[in-house]
Amino acid sequence: MIQLYNSLTRKKEDFTPMGDEVKMYVCGVTVYDESHLGHALSSIVFDVLDRYLEYRGYKVRKVQNFTDVDDKIINRANADGVSWEQITEKYIESFFKSADGLNVRRATVHPKATEDMPEIIALIEKLIQGGDAYELNGSVYYRVRNKSDYGKLSGQNIDQMLDASRGELESGKENPADFALWKAVKPDQPKWDSPWGDGRPGWHIECSAMAFKHLGEQIDIHGGGLDLIFPHHENEIAQSESASGKTPFSNVWMHNGLLRIANGQEMSKSLGNAFNVNSALEEFSSDAIRLWILQSHYRTNPLLDKKLIGDAERSIRRVRQAVQAADAVEVGSGEPLDVSGFKRRFEEAMDDDLNTPQALAAIFDLCRKMNRARTDRADVSAAAEVVRELTAVLGFTLEAPPQSSDGFSDAEVDALVERRKAARAEKRWADADAVRDQLEAAGISISDTGDETIWARN
RNA sequence: GGCGACGUGGCCAAGUGGUUAAGGCGGAGGUCUGCAAAACCUCUAUUCGGCGGUUCGAAUCCGCCCGUCGCCUCCA
């Protein structure tokens, strides 16, 4: 039985989907800049959830949205002197490039707020008709006082929030905590036609509308970063439950922790290149980035430190090489390695609210056992298959990082390895070592195992 | 002020009432090797921020203190 921690109840709960298909909604990004490693963290966590649910036999319908109308987009467009559509198009493309680079599978649907405008407007109308929202000067606000359990997700109550509010409160609203569902048009801003005049949606409503449209009025899992609990998810719950009359909007609320920045590694003003996913992927493999993230539990706050990603690079290489070595060796004559215990450990760990650090420990232990058994000429082919299967659930490719530009082709490496073999046979050690140094410099390592020589890109 | 998270070996990080405190990285020694690399073996926290308390028994529960951090109207 899979157990997941539910932010709403603050407990781990048995996971039982409502229907045949798990309905999962994950808050996507507002597309005004490159994806950073914090986005990567969230994407990877919910990618692993998606993959594990599938591994456990569930069908998953996953929706991850793009918020493509927002103040920050408009500001960015103005700053860059281009249209807001150019900004959103550019960064949606960049988002997919990052996601693909991280081996994050596509969601079933990636809706955009601007493409679901009729649903957004219809949802707002429904809220007005039900008395849960009201129009004011061409804008529409949600009536927070109507929802007696408002604040149940974040543990806040309205009065406390207002006392401490640091922002400027818009005047004219019935209650300062009422939030905008629709914003009346301002000059030079994107606008859509609506019953309340030209304008654009508020921040939260698009997620409710897209969840309703693509999944239904009640869903199984809603995910996102911890920073979205308030106000975004709190308001999503309020407007969704008011509109549908059904509670809860989502059975489980899952929130990933946020990155911590290592001391002394302040990532400059824009948090710099190390923070940018596409730049990080030039320096590290996707497997290393995933391992760095998955070695911490998803609800903690992983430390962003390039040294740690580098450590993960060496670490995942061990797994990759264990599998490669198992493939390279002829099937041993010995007993097949028993792997059932490792698979069970992996599943028990993952069932426990996605305890990926424990799941990884099982994989590392299996790799060690496999290397040992291989030396003893046992049959490790099934074990290697299990490693492949389990690492795939965590989204690892086990592929070597792309070769550097000054690298050799496979055929060239093979030729050099042959030349070295010949030199070794004649005990011309200096010649043999020169070849090895040459390959080593190009990031290719050589291993002599028995009478075989195996090479691999690091 | 309110809501909340966290402090485990050199670094990262599981574990949350009871065998010898997972795993990774790093380090030391060894096996293998022409020498290496990789792999494997051994070692690397009598101890879990501090002080009290509950208990037969606590890293795990309670209290206080110290320290770090997030959110509190538009950040994953």
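Below, read A as the first sequence line, B as the second, and so on, with proteins coming before strands; counting in each chain starts at 1.
Listed pair A:R314 / B:G26 meets the phosphate criterion, a side-chain N or O lying under 4.0 Å from OP1 or OP2. Listed pair A:R318 / B:C25 meets the phosphate criterion, a side-chain N or O lying under 4.0 Å from OP1 or OP2. Not one side-chain nitrogen or oxygen of A:R299 sits closer than 4.0 Å to the OP1 or OP2 atom of B:A5. One finds no side-chain N or O of A:N256 lying less than 4.0 angstrom from the OP1 or OP2 phosphate oxygen of B:A76. For A:R428, no side-chain nitrogen or oxygen approaches OP1 or OP2 of B:G34 to under 4.0 Å. Within the 4.0 Å cut-off from OP1 or OP2 of B:A36, not a single side-chain nitrogen or oxygen of A:S445 is found.
Picking from B:A37, B:C40, B:A14 the nucleotide with the shortest atom distance to the side chain of A:R368 gives B:C40. Nearest to the side-chain atoms of A:R420 among the listed nucleotides B:G34, B:C3, B:C12 stands B:G34. You'll find that the side chain of A:Q156 is closest to B:C72, out of B:G23, B:G70, B:C72. The nucleotide whose nearest atom lies closest to any side-chain atom of A:A361 is, among B:G23, B:G24, B:A76, B:G23. Here B:G23 is the nucleotide among B:A14, B:G23, B:C40 with the atom lying nearest to any side-chain atom of A:F364. Of the listed nucleotides (B:A13, B:C25, B:G70), B:A13 has the atom at the smallest distance from the side chain of A:R260. Side-chain proximity of A:W203 to B:A76, B:C12, B:C74: nearest is B:C74. Distance from the side chain of A:S42 is smallest for B:A76 among the nucleotides B:U73, B:A76, B:G34. Closest to the A:N355 side chain, of the nucleotides B:C3, B:G15, B:A37, is B:G15. Checking B:G2, B:A5, B:A14 against the side-chain heavy atoms of A:P357 singles out B:A14 as nearest.
Comparing B:A76 with B:A38, their P atoms sit 41 Å apart, to the nearest whole Å. When the P atom is compared between B:U44 and B:G1, the two are found 46 Å apart, to the nearest whole Å. Spacing of P atoms, B:G27 relative to B:C11, comes out at 15 Å, to the nearest Å. Comparing the C1' positions of B:G23 and B:A14 gives a spacing of 7 Å, expressed to the nearest Å. Comparing the C1' positions of B:A59 and B:C72 gives an interatomic distance of 32 Å, to the nearest angstrom. The same atom, P, is picked in B:C25 and in B:U60; the two are 29 Å apart, to the nearest Å. B:C65 and B:G29 are spaced 48 Å apart, taking the P atom of each and rounding to whole Å. Comparing the same atom, P, in B:U42 and in B:G4 gives a spacing of 46 Å after rounding to whole Å.
Across all strands shown, B:C32 forms no Watson-Crick or G-U wobble pair with both distances under 3.5 Å. Figure legend. B:U16 is base-paired to no nucleotide; pairs are counted as Watson-Crick or G-U wobble with both atom distances under 3.5 Å. Pairing for B:U46 is absent, judged as Watson-Crick or G-U wobble with the two contacts each under 3.5 Å. Pair assignment for B:G4: B:C69, on the basis of Watson-Crick or G-U wobble contacts that are both within less than 3.5 Å. Pairing for B:C61 is with B:G53, a Watson-Crick or G-U wobble pair whose two hydrogen-bonding atom distances lie under 3.5 Å.
At the heavy-atom level, A:T30 lies under 4.0 Å from the strands shown only through sugar-phosphate atoms. Residue A:G151 is out of contact with every strand shown, counting any heavy-atom pair closer than 4.0 Å. When heavy atoms are screened at a 4.0 angstrom cut-off, A:H204 is found touching no nucleic acid atom at all. Using a 4.0 Å heavy-atom criterion, one finds that A:S447 contacts the bases of the nucleic acid, with or without backbone contacts as well. Counting any heavy atom pair closer than 4.0 Å across all strands shown, A:Q358 reaches a base atom. Residue-level contact check: A:L259 touches the bases, meaning some heavy atom is under 4.0 Å from a base atom. Counting any heavy atom pair closer than 4.0 Å across all strands shown, A:L226 reaches no nucleic acid atom. As judged by a 4.0 angstrom heavy-atom cut-off over every strand, A:D71 is placed among residues making no nucleic acid contact. As judged by a 4.0 angstrom heavy-atom cut-off over every strand, A:S35 is placed among residues making no nucleic acid contact. If you check every strand for non-hydrogen atoms under 4.0 Å, A:G224 touches sugar and phosphate atoms only. Note on A:N371: only backbone sugar-phosphate atoms sit closer than 4.0 angstrom, heavy atoms only; bases stay farther off.
Within the 3.5 Å criterion, the main-chain N or O of A:R388 finds a donor-acceptor partner in the side chain of A:T391.
With a 4.5 Å cut-off on side-chain heavy atoms, A:D132 and A:Y142 count as touching. A:D353 is listed as a side-chain neighbour of A:R299, based on a closest heavy-atom distance under 4.5 Å.
Taking atom NZ of A:K421 as the reference point, atom P of B:A37 lies 21 Å away to the nearest angstrom. Residue A:R320 contributes atom CZ, which lies 13 Å from atom P of B:A38 at whole-angstrom precision. Look at NZ on A:K307: it is 10 Å from C1' on B:G24, rounded to the nearest Å. The distance from atom CG of A:N235 to atom P of B:U73 is 11 Å, rounded to the nearest whole Å. One atom, CD1 of A:I309, and another, C1' of B:A13, lie 16 Å apart when rounded to the nearest Å. The distance between atom CZ of A:F66 and atom P of B:C74, rounded to the nearest whole Å, is 23 Å. Atom CG of A:L41 and atom C1' of B:C12 are 15 Å apart (whole Å).
Of the charged side-chain nitrogens involved, none lies within less than 4.0 Å of a carboxylate oxygen, so that A:E234 and A:K152 do not count as a salt-bridged pair. At a threshold of 4.0 Å, the pair A:R317-A:D287 does not count as salt-bridged, since none of the basic side-chain nitrogens sits closer than that to a carboxylate oxygen.
Under the stacking definition used here (centres under 5.5 Å, planes under 30°), the residue A:W429 qualifies as stacked on the base of B:G34.
Position along RNA chain B of the nearest nucleotide to A:P302 versus A:A432 favours A:P302 as the more 5'-ward residue. For the pair A:L360 and A:D352, both in contact range of RNA chain B, the more 5′-proximal nearest nucleotide belongs to A:D352.
Checked by distance alone, A:R317 brings no side-chain donor or acceptor within 3.5 Å of a matching partner on the base of B:C25. Below the 3.5 angstrom threshold, one finds no donor paired with an acceptor across the side chain of A:K369 and the base of B:C40.
Distance CH2/A:W196 to CD/A:E135: 8.0 Å, rounded to 0.5 Å.
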Report the C-alpha separation of A:Y52 and A:L394 in whole Å, then their side-chain angles, then the decisive distance to 0.1 Å, and conclude whether the side chain to side chain contact (heavy atoms under 4.5 Å, CB included) test is met. CA-CA 8 Å; A:Y52 187 62; A:L394 301 179; over 6 Å; no
> Do A:R143 and A:N175 pass the side chain to side chain contact (heavy atoms under 4.5 Å, CB included) test, and can you show the C-alpha distance, the side-chain angles, and the key distance before you say yes or no?
Replying inline: CA-CA 8 Å; A:R143 190 170 270 135; A:N175 186 301; over 6 Å; no
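Side-chain contact annotation: A:T453 with A:D448, donor-acceptor N/O pair under 3.5 Å present. Counting only N and O atoms by type, the side chains of A:N65 and A:H214 include no donor and acceptor under 3.5 Å apart.
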